[in-house]
Every structure is written in structure tokens, then in C-alpha cells.
Amino acid sequence: MLELFAPAKELPTAMAMMVITTELLYAFEPLIVGFVDYLGPVLTFALGGVLLIITGYFFKTSTRSLKLVRDYQESKNTNTDFALVLLAGLVLGLATALFKTYLPQKIENAFVAMRQNGIDIVISGSMVISFGLVVAALAAWPFSKLVDRIGTEKSLQYGLAGAFIVLLPSFFIGNVYALILITLLAAPFISYATVAGFPYALGKLSARNVTLGAGIFFGSVELADGVMNILQQ
């Protein structure tokens, strides 16, 4: 749908909007989970049904005059490189998994050590990452303009390189203040790479392989996160 509704030249902007909404949802996940627990399963499903109906109605009315058919002539790319799409997804997924799964646990361990030493800490590792995700969401829009200017390939490379360079010290240090600083510095790079990632993948796909290629890209991104969760457990 993203590829369908956004022309190629507007994909970084569309991805920025996706990043803003998804990262903000991740950031406020603890509040959302608490709200769901408060409502209970029956009211949660009822509210979800109402939201789906409202969303479906909005989608129908806002797309009434649109032709929901891909214009294969828009894309001039006739070659498909699934290997590069898979690699880009795996590397981006590894970076986001380190940020969203590894870092909060590392910060929480540092907080536990501080509490054991008698230092009162009222925040948690997930709260620190939530703030980092807000930073990532705010950075998405200006980064979409940068992607437009220098291209998706360089943007993805710069974003991933910056993210891994910033995240690397977290494996060797346990100081909570340094870990919080790493979180805040890594967030914009994660945002930058995410905004560029899917447009880059689309650039490696022919028009008729877009759907399969999108599945490979997003599937590989989630695969890295799933493996990280398994390893942590």
C-alpha cells in the first residue's frame, strides 16, 4: 500500500510519516499496555472493532476517487536483486533490534546495580528507550528531506554506519549515564536508516516484484528482532 499510494520520488517522505507514527507507538507502548490491562479483554476488542470500522470508513471515503492499481510504467527499473533487499533488511533489523531490545535490558541491568547500591532510581530501561524513540520520531521528517537530497543508498549506509558505531561501545560499558547518552545518539541514526531503508529496497526491485520484495525486506527486518528476543531469553 505504501508503494501504491506514494510515487517513487515521495517515498522518503511517506516513510518519514510511517516512522513517526510507529516509533511514537513504540515509545508509548508501556502506557498503551497499561490502558489495555485497565480496559480488560472484552472492552479492548470492542474498542478495536470500533476503531477498525472508523478507519475503514475513512479509507473508503479518502480513496473514492483514486485508481487503486499500480502504474508499472512509473518504475524504470527492470532488474531485481533480492539478495541486496534481504541484506538491507537484515542489517537494518539488527540495528533496530539492538536499539529496541538489547539496549533497554542493558540499561535496566545498570539501574538494578544502582538500586542494589542504595541509589533510588524511579525510571526504567524501557522508559529511556521510549524517550529515544520519541527522538527518532522527531528526526524522521528532516531526515526524509536529506534522503531526497543525497539518495537512498548513501543515506542507508550513513544511517547504519552511524548506528553501529554509536551502539558498539554499549557492549563494553555498564555506566548508566553513558548508556543513556548512547541511546540518545543512536536514535537519530536509526531513524535515518529506517526512512531510507524501504525506498532503497524498492530501488532494487522491478515493478512486478515489488510485493514479494517488500515481504522479503520487512520480513528480514523482523527476523533480526525475533532472533534477538530469543537470544535474550
Side-chain angles (χ1 to χ4, degrees), residues 12 15-37 88-147 155-197 221-233:
M15 275 306 300
M17 297 181 69
M18 290 275 290
V19 171
I20 289 171
T21 53
T22 54
E23 300 301 1
L24 286 178
L25 284 172
Y26 273 119
F28 293 107
E29 183 180 3
L31 294 177
I32 295 172
V33 171
F35 179 66
V36 168
D37 288 339
L90 288 173
V91 178
L92 178 59
L94 177 59
T96 55
L98 289 173
F99 183 78
K100 295 179 180 178
T101 305
Y102 171 75
L103 260 186
Q105 188 60 54
K106 184 81 182 240
I107 296 172
E108 187 59 35
N109 291 340
F111 281 148
V112 169
M114 292 178 70
R115 293 187 186 102
Q116 290 174 346
N117 291 328
I119 302 175
D120 187 26
I121 301 293
V122 296
I123 61 175
S124 63
S126 61
M127 291 173 66
V128 175
I129 296 300
S130 292
F131 187 76
L133 290 171
V134 172
V135 173
L138 294 176
W141 189 261
F143 276 136
S144 70
K145 306 305 177 186
L146 185 58
V147 173
S155 294
L156 182 61
Q157 292 172 353
Y158 294 161
L160 289 175
F164 283 113
I165 290 172
V166 173
L167 289 169
L168 183 62
S170 67
F171 289 98
F172 309 104
I173 61 176
N175 181 276
V176 68
Y177 301 108
L179 291 171
I180 291 174
L181 179 61
I182 287 173
T183 300
L184 298 179
L185 292 177
F189 286 109
I190 294 292
S191 177
Y192 190 19
T194 304
V195 169
V221 169
E222 294 302 323
L223 177 63
D225 186 53
V227 170
M228 181 67 70
N229 278 303
I230 292 172
L231 291 176
Q232 280 204 310
Q233 294 173 6

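- More than 12 heavy atoms of other shown residues, nucleotides or ligands fall within 6.0 angstrom of atom CZ in F164.
- For the pair A95 and L160, the tightest heavy-atom approach, listed with the atom from each and the gap, is CB-CD2, 4.1 Å.
- The CG atom of L94 sits 4.5 Å away from the CG atom of L98 when rounded to the nearest 0.5 Å.
- Using modelled atom types and a 3.5 Å distance limit, the side chains of T101 and D225 yield a donor-acceptor pair.
- Considering all non-hydrogen atoms of both residues, L92 and A193 come closest at CD1-CB, 3.8 Å.
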Audit row: F99, T183, side chain to side chain contact (heavy atoms under 4.5 Å, CB included) steps and yes/no | CA-CA 7 Å; F99 183 78; T183 300; 3.9 Å; yes
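- In terms of heavy atoms, A136 sits closest to A187 at CB-O, 3.6 Å.
- Around atom CZ of F131, no more than 12 heavy atoms belonging to other residues, nucleotides or ligands sit under 6.0 Å away.
- Heavy atoms only, all atoms of each residue included: N175 and Y177 are closest at OD1-N, 2.9 Å.
- Considering every non-hydrogen atom in both L167 and A186, the closest pair reads CD2-CB, 3.9 Å.
- Among residues two or more places apart in sequence or in another chain, the side-chain contact (heavy atoms from CB on, under 4.5 Å) test is passed with Y158 by I150, K154, Y192.
- Note: L103 CG to I129 CD1 = 5.0 Å, rounded to the nearest 0.5 Å.
- Within the model, atoms CG of L181 and CD1 of I173 stand 8.5 Å from one another, a figure rounded to the nearest 0.5 Å.
- By the neighbour-count criterion of 12 heavy atoms within 6.0 Å, atom CZ of F171 is densely surrounded, having more than that number from other residues, nucleotides or ligands.
- Other residues, nucleotides and ligands contribute over 12 non-hydrogen atoms within 6.0 Å of the CE atom of M228.
- For residues 19-28, the salt bridge (charged side-chain N to carboxylate O under 4.0 Å, His left out) pairs, not counting sequence neighbours, are E23-K100.
- Contact detail for L156 and A88: the closest heavy-atom pair is CD2-CB, 4.1 Å.
- Counting only heavy atoms from C-beta outward, the side chains of I107 and V176 approach each other to under 4.5 Å.
- Of the inter-residue distances, the one linking T21 atom OG1 with L24 atom CG reads 7.5 Å to the nearest 0.5 angstrom.
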Could you go step by step and tell me if V128 and F111 meet the side chain to side chain contact (heavy atoms under 4.5 Å, CB included) rule?
-> CA-CA 11 Å; V128 175; F111 281 148; 4.1 Å; yes
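- The backbone N or O of I190 lies less than 3.5 Å from a partner atom in the side chain of T194, making a donor-acceptor pair.
- Between L179 and S170 the shortest side-chain heavy-atom distance falls below 4.5 Å.
- L133 CG to L25 CG: the interatomic distance, rounded to the nearest 0.5 Å, is 10.5 Å.
- By the 4.5 Å heavy-atom criterion applied to side chains, I182 and P169 are counted as neighbours.
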